Amino acid sequence: MTDSSFSLFERAGLDREVARQAVAEALTGADDGELFLEYIQSEALQFDNGRLKSASFDTNQGFGLRAIAGEAAGYAHSAEISEAAIRRAGEAVAAVKGGHSGTYAAPPPGTNRSLYTDENPLGSPAFGEKVKLLEEIDAYARAKDPRVRQVTIGLQGTWQVVEILRADGHAVRDVRPLVRLNVAVVAGDGKRQEMGSYGSGGRTGFGDFVKRESWQFAADEALRQALVNLDAVPAPAGTFDVVLGPGWPGILLHEAVGHGLEGDFNRRKQSAFSGLMGQKVAAEGITVVDDGTLDNRRGSLTVDDEGTPSNMTTLIENGVLVGYMQDRQNARLMGMRPTGNGRRQSYAHIPMPRMTNTYMLAGNRDPGEILASVKDGIYAVSFGGGQVDITSGKYVFQCTEAYLIENGRIGAPIRGAMLIGNGPTDLHRISMIGNDLGLDRGIGMCGKHGQLVPVGVGQPTLRIDQLVVGGTQTR
């Protein structure tokens with residue numbers, strides 16, 4: 001099934017012009033708004049304890065209708081796509097206008113760019129082949145080391161078609177594939193056991209991710225991390241110079257800094273970065289971008305969920321705050337331009353400013369030089385869960401793979417390390433930026449106001465001076 005063979009309007013038996021007229025009537029006098037239609041297929045398999053634990057295949061569709069009046073937004077949604085349902089939704093959202101009478105905003109610009117295939121990835125490989133693949137991965141991981149106690153493998157995919165129709169007749173369509181493979185291994189020695197995991201994915205088919213060399217690498221990495229953690233010593237507590245590895249450690253940047261640069265938090269002055277446009281907010285040499293234009297990446301979008309083409313938006317340039325991530329409503333209220341960051345979890349959710357692929361650009365220092373510069377510190381390679389306060393910028397992140405740095409060399413692995421800091425403050429503590437920019441492997445999910453969307457992160461190797469590390473051993 002491809003872009004050219006699938007139309008939500010045709011599927012629902014709904015005339016496009018009739019729908020546009022209903023939307024136009026509902027949005028008369030509004031500042032902005034749109035009809036968002038969605039069709040999505042999703043498949044998920046989980047293999048655990050040597051057997052297929054769960055398998056699901058779901059199909060869902062519906063629409064959301066939004067009317068914007070000033071700072072207010074009315075939103076109604078339904079799983080029934082019909083003229084009658086759209087008109088009922090129009091009556092509901094029209095109430096937000098009250099006595100408001102605005103001029104309907106100009107539509108977003110068009111684009112001929114396509115960042116990913118429109119083919120449905122769920123049909124290949126077939127279901128039976130996927131189950132055999134999971135069995136093979138499980139057997140391979142268990143045979144690698146006698147200390148393997150549990151192997152869990154997840155294989156997920158979605159195929160989403162969205163159509164966005166405005167009251168002025170402007171229409172945008174996007175077909176979005178998304179897949180992910182994840183392997184987790186628990187290794188044990190006596191009463192102690194530790195876990196390691198590795199995942200990869202993107203906006204493409206399963207092909208590259210289910211090749212033997214790909215899934216073997218994933219299983220090997222998950223086992224390697226588990227065995228490293230099995231040998232780990234308790235993490236020290238105190239203040240240390242910390243080196244962050246490239247790629248996935250950018251999740252710390254995403255949480256501690258990225259959310260604070262979303263337009264809605266800044267318009268409402270809820271962010272630690274509010275009112276700092278044009279000011280120095282980071283150390284010299286730090287440039288942070290949000291880039292939704294990378295081919296096949298997990299966070300990429302040809303157009304966002306308001307129909308705006310995605311962009312590479314510079315947020316911090318050489319330490320200076322120069323931009324925010326914007327949807328249409330917050331951009332208009334702040335006198336800025338939309339940046340293609342209006343995103344929603346589904347038709348049942350209202351859009352808001354969200355990240356796509358957020359990363360720090362490379363510097364000019366060799367990673368080996370950065371490690372060699374630290375006499376006594378921590379090298380953090382991978383992270384798990386964390387908590388962030390957007391208003392203050394304070395964060396706490398758990399390291400899932402980390403090591404001591406002793407006299408410029410990587411030392412013993414440590415367990416239980418937590419990085420504790422403040423995003424805006426710690427941007428000034430970055431003293432060395434590596435030349436090895438890496439992006440994550442395509443596994444990120446971001447939560448905001450109860451909505452989850454796929455995202456990407458990345459960074460080069462970084463040295464952060466005097467960061468608080470939570471551990472169980474006091475030096």
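Please read these numbers as outputs of a predicted model, since none were measured by experiment. No hydrogens, no waters, no symmetry mates; every other heavy atom, side chains included, goes into these values.
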Which pairs of donor and acceptor atoms, one on a side chain in residues 287-295, lie under 3.5 Å apart (sequence neighbours left out)?
residue	atom	partner	partner atom	Å
T287	OG1	N318	N	3.1
D290	OD1	T356	N	2.9
D290	OD1	T356	OG1	3.4
D290	OD1	T358	OG1	2.7
D290	OD2	N341	ND2	2.9
D290	OD2	T356	OG1	2.6
D291	OD1	T293	N	2.9
D291	OD1	T293	OG1	2.5
D291	OD2	Y359	OH	3.1

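- The closest donor-acceptor contact from the side chain of R297 to the backbone of D440 lies under 3.5 Å.
- Across P121 and G205, no two heavy atoms sit closer than the pair CB-CA, 3.6 Å.
- In this structure, A218 and V183 approach most closely via the heavy-atom pair CB-CG2, 4.1 Å.
- Within the 3.5 Å criterion, the main-chain N or O of L467 finds no donor-acceptor partner in the side chain of D426.
- Under the 3.5 Å distance criterion, the side-chain polar atoms of R20 are matched with a main-chain donor or acceptor of A167.
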Mind running side chain to side chain donor-acceptor pair (under 3.5 Å) on E38 and Q160 for me, showing each step along the way?
CA-CA 7 Å; E38 178 188 32; Q160 180 193 37; 2.8 Å; yes
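- Using a 4.0 Å cut-off between charged nitrogen and carboxylate oxygen, D48 and R51 do not count as a salt-bridge pair.
- With hydrogens and angles disregarded, a donor-acceptor distance shorter than 3.5 Å links the side chain of S82 to the backbone of A85.
- With respect to E83 and R87, a salt bridge is recorded, a charged nitrogen being found less than 4.0 Å from a carboxylate O.
- A cation-pi arrangement is absent between R66 and F36, since the terminal nitrogen or guanidinium carbon is not both under 6.0 Å from the aromatic centre and inside a 45° cone about the axis.
- Ion pairing of R328 with E34 is absent here, as no side-chain N (NZ or NE/NH1/NH2) approaches a carboxylate O to less than 4.0 Å.
- The two residues L27 and A67 make their nearest non-hydrogen contact at CD2-CB, 3.4 Å.
- In this structure, R180 is not positioned above the aromatic face of F209 in the sense of NZ or CZ being under 6.0 Å from the six-membered ring centre and within 45° of the axis.
- Residues C446 and H254 approach most closely at SG-NE2, 3.4 Å, considering heavy atoms.
- For H349 and H449, the gap between ring centers reaches or exceeds 6.0 Å.
- Of the possible polar contacts, none joining the E43 side chain to the F57 backbone as a donor-acceptor pair under 3.5 Å is found.
- A donor-acceptor pair under 3.5 Å links the side-chain atoms of R332 to the main chain of G70, judged by distance alone.
- Under a 4.0 Å N-O distance rule, the pair E10/R16 does not qualify as a salt bridge.
- The pair R267-D264 fails the salt-bridge criterion, with no side-chain N (NZ, NE, NH1 or NH2) lying under 4.0 Å from an Asp/Glu carboxylate O.
- No side-chain N or O of T308 forms a donor-acceptor pair with one of E306 less than 3.5 Å apart.
- A donor-acceptor pair shorter than 3.5 Å cannot be found between the side chains of S78 and R88.
- Salt-bridge formation is not detected for the pair R343/D305: no Lys NZ or Arg NE/NH1/NH2 atom is positioned less than 4.0 Å from an Asp or Glu carboxylate oxygen.
- Remark: K448 is positioned above the aromatic ring of F265, its terminal NZ or CZ atom under 6.0 angstrom from the ring centre and at most 45 degrees off the axis.
- Other residues, nucleotides and ligands contribute only 12 or fewer heavy atoms inside 6.0 Å of the NZ atom of K132.
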Please step through ring-ring contact (aromatic ring centres under 6.0 Å, His included) for the pair F273 and Y324, ending with a clear verdict.
CA-CA 10 Å; F273 294 97; Y324 297 130; 8.4 Å; no
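- Atom CD of E213 has more than 12 neighbouring heavy atoms from other residues, nucleotides or ligands inside a 6.0 Å radius.
- Legend: residues meeting side chain to side chain contact (heavy atoms under 4.5 Å, CB included) with N296, ordered by chain and number and at least two apart, are Y116.
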